[in-house]
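Encoded as structure tokens, the structure appears first; notes follow it.
Basis for what follows: all heavy atoms, side chains included, without hydrogens, waters or symmetry-related copies. In what follows, chains are A, B, ... by sequence order, proteins preceding strands, each numbered from 1. Please read all numbers here as calculations on a predicted model, not as lab measurements.
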Number of protein chains: 2
Amino acid sequence: MRQVETLGELDRSMGYVLKQASAALRSAMEEVLLPLQLTMPQYACLELLSRRSGQSSAELARGAFVTRQSMNQVLRGLHDRGLLTRPAVAARGRALPTQLTPEGVARLQVASAAVVGVEQRMVASLTADDQQRLLRHLATCAHALS
Amino acid sequence: MRQVETLGELDRSMGYVLKQASAALRSAMEEVLLPLQLTMPQYACLELLSRRSGQSSAELARGAFVTRQSMNQVLRGLHDRGLLTRPAVAARGRALPTQLTPEGVARLQVASAAVVGVEQRMVASLTADDQQRLLRHLATCAHALS
DNA sequence: TGCCTCATGTCAGCATCCTGACATATACTG
DNA sequence: CAGTATATGTCAGGATGCTGACATGAGGCA
């Protein structure tokens, strides 16, 4: 494959370049998560729970950009593997608060380190200021379309 | 839903914010493409063909970040709707060069205008310089992970 | 109180995308 | 020339995610 084909106008399109970066990140993350027996949504679920414990399936779904149904399937898989706990019945309302088990925390620590490595590799050639700018601009873009 | 929940550390993660922006863009694009009877990969395919005509399914697949098989399915749908043409047999090698029909060009013009509108809305609150910076930084990130 | 709205969990069905495999056509290499 | 490697198209099967629908629980309001 040639390096950039014709270096066409696509590289001027914000949408295309954003998709390109996102696809590259996803691919790289799946690569490092595969040996850890974790898929992308599974890792996202564990990460979200580590940031704030006791979230419901619907909350996790919004945080991971999937539907409630998909997140529920993810939660079952992680529950069956003993990485998190869910009450069988809701103590209040219908939400079932989820928590990481020690095994889940341990697994996440390894995975998180690998993912951080990928992120650092992604922005390695940017200065600290540019990284902050990029972070801020991306957040602005996301907010503008919400 | 509260605005940003706890405004947690997730907003400091480059990967998360990138995914957030990408998801928002995809959602917004699907919203404007739905009335035009076009899905995301279908639009990407048409756009790629308008940039460079005669591309094979495999080339289009790489450009749209999907597999050859998925792109082949997309091409069939667009071919059945008369938006593009493919030779039944390869004139040389195995590649089947694809071209847009006038109907395909017309449909793409409308879709492209809608998508450009979405992209402009996304970066509306950024200065021209910041837009160029964002474009350049995203390309750098994508290249670093390839 | 009764009613309405909203959020959550869950089930069934469908659409989409991918992995694995195979045949074919071209280019390269000994 | 024969063998290998690479690229393309295609088929079959499975995995994943989504839409639509329903029941349940909480909160707000006349």
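At least one donor-acceptor pair under 3.5 Å links the side chain of Thr140(B) to the backbone N or O of Arg136(B). Checked by atom type and distance alone, the side chain of Tyr16(B) pairs as donor or acceptor with a backbone atom of Gly63(A) at under 3.5 Å. With hydrogens and angles disregarded, a donor-acceptor distance shorter than 3.5 Å links the side chain of Thr101(B) to the backbone of Leu83(B).
At whole-Å resolution of the value, CE in Met71(B) and P in dA7(D) are 18 Å apart. Going from atom CG of Leu60(A) over to atom P of dT10(C) covers 13 Å, rounded to whole Å. Taking atom CD of Glu30(B) as the reference point, atom P of dT16(C) lies 11 Å away to the nearest angstrom. For the pair Gln55(A) CD and dG9(C) P, the computed distance is 11 Å after rounding to whole Å. Separating the CZ atom of Arg26(B) from the P atom of dC18(D) is a distance of 10 Å, rounded to the nearest angstrom. Going from atom CG of Leu96(B) over to atom C1' of dT24(C) covers 12 Å, rounded to whole Å. To the nearest angstrom, P of dG17(D) lies 9 Å from CD of Gln42(A). Between the CZ atom of Arg94(A) and the P atom of dG27(D) there is a distance of 15 Å, rounded to whole Å.
Close to dC18(D), at under 4.0 Å from its OP1 or OP2, lies a side-chain N or O of Thr67(A). Asn72(A) has no side-chain polar atom (N or O) that falls below the 4.0 Å cut-off from OP1 or OP2 of dG9(C). Contact between the side-chain N/O atoms of Arg62(A) and the OP1/OP2 oxygens of dT8(C) is found at a separation under 4.0 Å. Regarding contacts with the backbone of dC11(D), a side-chain N or O of Arg76(B) is found under 4.0 angstrom from either OP1 or OP2. Arg92(B) has a side-chain polar atom (N or O) that falls below the 4.0 Å cut-off from OP1 or OP2 of dA27(C).
Side chain of Arg68(B), nearest nucleotide from dG9(C), dC18(C), dT8(D): dT8(D).
For Gln69(B) and Gln73(B), each mapped to the nucleotide of DNA chain C holding its nearest heavy atom, the one lying further toward the 5' end belongs to Gln73(B). A residue-by-residue look at Pro41(A) and Ser57(B) shows that Ser57(B) has its nearest nucleotide of DNA chain D further toward the 5' end.
Note that the CG atom of Leu78(A) and the CD atom of Glu103(A) stand 12.5 Å from one another [nearest 0.5 Å]. Rounded to the nearest 0.5 Å, atoms CG (Leu25(A)) and CD (Glu30(A)) are 10.0 Å apart.
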